[in-house]
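These numbers come from a predicted model, not from an experiment.
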Amino acid sequence: MEHQHSWILRLVSYIICLYIFIRSASATEGFESIACCADSNYADPLTTLNYTIDYSWFSDKGSCSQISKNVTNYGSNENVRLFDIDEGKRCYNLPTTKNGVYLIRGIFPFGELSNSSFYVTIGVTQLGSVISSRLQDLGIEGVFRATKNYIDFCLVKEKVNPYISQLELRPLPEEYIHGLPTSVLKLISRNNLKGEGDDIRYPVDKSDRIWKGTSNPSYALLLSSNATNFDPKTNMTPPLQVLQTALTHPEKLEFIHNDLENEGYEYRVFLYFLELNSSLKAGQRVFDIHVNSEAKVERFDILAEGSNYRYTVLNFSATGLLNLTLVKASGSENGPLMNAYEILQVRPWIEETNQTEVEVIQKLRKELLLQNQDNKVIESWSGDPCIIFPWQGIACDNSSVITELDLSSSNLKGTIPSSVTEMINLKILNLSHSSFNGYIPSFSMSSLLISIDLSYNDLMGSLPESIPSLPHLKSLYYGCNQHMSEKVPANLNSSLIKTDCGECQADNPKFGQIIVIGAVTCGSILITLAVGLILVCCYRLKLTPSEGFGEKNYPMATNIIFSFPASKDDFFIKSLVVTIQIFTLEYIEVVTERYKTLIGEGGFGSVYRGTLEDGQEVAVKVRSATSTQGTKEFDNELNLLSAIQHENLVPLLGYCNEKDQQILVYPFMSNGSLQDRLYGEPAKRKILDWPTRLSVSLGAARGLAYLHTFPGRSVIHRDVKSSNILLDHSMCAKVADFGFSKYAPQEGDSYVSLEVRGTAGYLDPEYYSTQQLSEKSDVYSFGVALLEIVSGREPLNIKRPRNEWSLVEWAKPYIRASKIDEIVDPGIKGGYHAEAMWRVVEVALQCIEPMSAYRPCMVDIVRELEDALIIENNASEYMKSIDSLGGSNHYSIVMEKRVLPSTSSSTAESTITTQTLSQPQPR
């Protein structure tokens, strides 16, 4: 009998445990709780919620670090994952139910990483920045409506590497985002008006909202009650434990938040009221609700609807400050009362890449990772493939459709994934210089492919007949696959399809070719030797040991130029015009004191300050192992700067190519880059005045004009931007960074690269969409730089409101409406001649025309900027003369009319009146 009784007790206990488990599982359905870098899954001791490790997203344990015990942190995890990346984003992909409303919260510990700054996105919508020196940034929380069956929570590098400790996803009631179908809400504050104390969250709050105890105004009275007789009516009602305390005052309650952002966002505030005085009746506690002195709700009565609980939602715009005031209404016996409130900032939802496109590229990623688990390129593919740091090797058009897949030289192996044929909008496919094996897949006749490059792999079989039949195909490269059949498809149209089949194995040259090649080679060698001997002699005559630089004489090669092997796309030296020094690695280490002083970072690598033996200060650019640029860009810059020289181009002093180290040495530009002087740290110390900006823009234009008119064949820079315009000690502008430069295409060229290069915000949209390169692509980028010079704004800044992300799109309407004062940098207002400013703005507007045919050439731009500088200098001289006579207050410029340039006219008519000065008029 005892045994039977014991068995019944165990059964009852099991049933109770099972019931509790089912209730718990039901309560947390849809919850995702991630503990980054934790050793194992665990149950949080405070909330009882189960947290899982994040190694299924990021398997690298080397990026894990333990949080110090003295770190302020309101998560239970004692670890942090630090993403050590050059640039880009890292995303956690979490499951959602389409159209469901969710809370998502990231936890970022504060402590050793206190100088960190990066930003967080939900999908591609920026939620906010993490500046961990601010304690309020320990957690960033957002509310959103799921548009698909998953959501990306991304950490985007800004200046330093991002990190995270915990990530939490919770379903929320529909009411939070009701009426805002395309928005994200960023939590600003969630307040439990009970005074400071422990936060309230799950399991008390079934949605795991964190209600923070708030320090109360000294004048307010704290009420508390064990009231339980209330009908919540909605799932979004705060827990009763939150509502059982309230603040009240005989006349008014005031809550001030002065830390709102300055961009002028919309805000949504939820106010919660539970009447704690059971003796009151309707009409006895009535009050008005004001936001920033504007009445939002008049004569609000908690008890008006027959219940002792109500909540209300306020929508408003605010900049910097929120003043929420509850004031007793006339005739009311009692003053206002409130129990809790939430403030959320409304951010417009940014459309992501088409889900079908994303699904296909994610499928491709999985296929590639099966055989390339440690491949850095594929592992870096995270979040949205097109928006906010597009995936490496992927290019998209303006509608976020993937049009290019370039995985050349990415060290990939295995078969070519079949999913690549499902990328229906793909125009360019480059899988060359890898280790792909197996057979080439067939493509559908609906494919939009223009160019396919499968050369230099280990593919086998024959070329599928479907590929030469593709309707849009213009170039096909599949050579240098030694196991492929030499059989050529019968439908291969040699006049349209370019093949490099067999180029990797040179054919036996004919006798005539041998004679010509031999003669050219011998002549080149003799000339090179002669010039080399002369330079060696000259160098040895002038080379003397330098005092004070160290007793050891460090080797430094002679001033001689070597012509590097170059592809048809690269520059090659036509004549020996500029002497370039060849430095040894040992000498470079001495010059830089073993890379002691870092002065910059770029796509090529780090830049260090150094001093040569003769005392000249230099900038030493060292290619990093993880650089996005390689030997091709190194050779490109070296060969170009060996062949040209101009006062507005940064000269190359020397280079080092030793022990896998590629180093370029330039004169040190003591005033940094134009970008630094416009909105970097130097700009905070001293604003760059307008005459200097105008002079700099003219210098840069002259440098580009020289490239575009280079004798024999013009040169296109391909990466014109303010960070590539450097300033020497006299503020002379010098265009820099020629790693992506190319000769302008000419009729008859056998091969034109379709690889688009440039920087987001500066990239010519016509070049991007057509892959047709011309000098006008540089003109577009220079136009963006001119707008930077005028406005002092970055070309692309997604921290601004959506309509101000792009400098070009923001500035255009103001310029067309003749409101240039709206775009001029506040730091130079009142410090420029209006006509000179108009000249520059008009040139900029013409440069950024969408169609390149309507853009001016650099030579014409130089003329316009020269005229603008003359006008500005004349005005400055006149002002000085007036100042010397004590009459400076009588000078003013009045713009009467301005007709902006159109696509059919390269100049503009204007009328300008001055009260005391007649200025040169526009032509």
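Closest approach of Asn339 to Leu274, counting heavy atoms only: OD1-N, 2.7 Å.
The SG atoms of Cys37 and Cys64 sit under 2.5 Å apart.
With respect to Glu266 and Arg347, no salt bridge is recorded, no charged nitrogen being found less than 4.0 Å from a carboxylate O. The existence of a salt bridge linking Asp208 and Arg105 is confirmed by a sub-4.0 Å separation between a basic side-chain nitrogen and an acidic carboxylate oxygen. Using a 4.0 Å cut-off between a side-chain N of Lys or Arg and a carboxylate O of Asp or Glu, Arg209 and Asp205 qualify as a salt bridge. The pair Lys721-Glu794 fails the salt-bridge criterion, with no side-chain N (NZ, NE, NH1 or NH2) lying under 4.0 Å from an Asp/Glu carboxylate O. We find that Arg170 and Glu32 are not joined by a salt bridge, their nearest charged nitrogen and carboxylate oxygen being 4.0 Å or further apart.
In terms of modelled atom types and a separation under 3.5 Å, the side chain of Asn292 and the main chain of Leu321 share a donor-acceptor contact.
Residue pairs meeting the salt bridge (Lys or Arg N to Asp or Glu O under 4.0 Å) criterion with at least one partner in residues 179-191, sequence neighbours excluded, are Glu141-Arg190, Lys186-Glu261, Arg190-Glu342.
By the neighbour-count criterion of 12 heavy atoms within 6.0 Å, atom CG of Asn315 is densely surrounded, having more than that number from other residues, nucleotides or ligands.
Between Phe58 and Phe83, the two ring planes are perpendicular [angle over 60°; tilted spans 30° to 60°]. Using a 30° and 60° split on the angle between ring planes, Phe316 and Tyr267 fall in the parallel class, below 30°.
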Item to check | Verdict with supporting geometry, Cys154 and Cys91, disulfide bond (SG atoms under 2.5 Å apart) | outcome: CA-CA 4 Å; Cys154 301; Cys91 304; 2.0 Å; yes

Next on the checklist: Run the side-chain hydrogen bond (donor to acceptor under 3.5 Å, both in side chains) test on Glu357 and Gln355 for me, step by step, so that the C-alpha distance in whole Å, both residues' side-chain angles and the decisive distance to 0.1 Å come before the verdict.
Outcome noted: CA-CA 5 Å; Glu357 293 274 307; Gln355 188 170 357; over 6 Å; no

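Here the rule is ring-ring contact (aromatic ring centres under 6.0 Å, His included) with Tyr341, and of Phe270, Phe255, Tyr311, Tyr272 only Phe255 fits it.
In this structure, the side chains of Ile164 and Phe153 come closer than 4.5 Å at one or more pairs of heavy atoms.
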Can you list, pair by pair, the side-chain donor-acceptor contacts under 3.5 Å of residues 592-600, counting residues two or more places apart and other chains?
from   : atom 1 : to     : atom 2 : distance (Å)
Thr592 : OG1    : Ile588 : O      : 2.9
Thr592 : OG1    : Tyr595 : N      : 3.0
Arg594 : NH1    : Glu589 : OE1    : 3.2

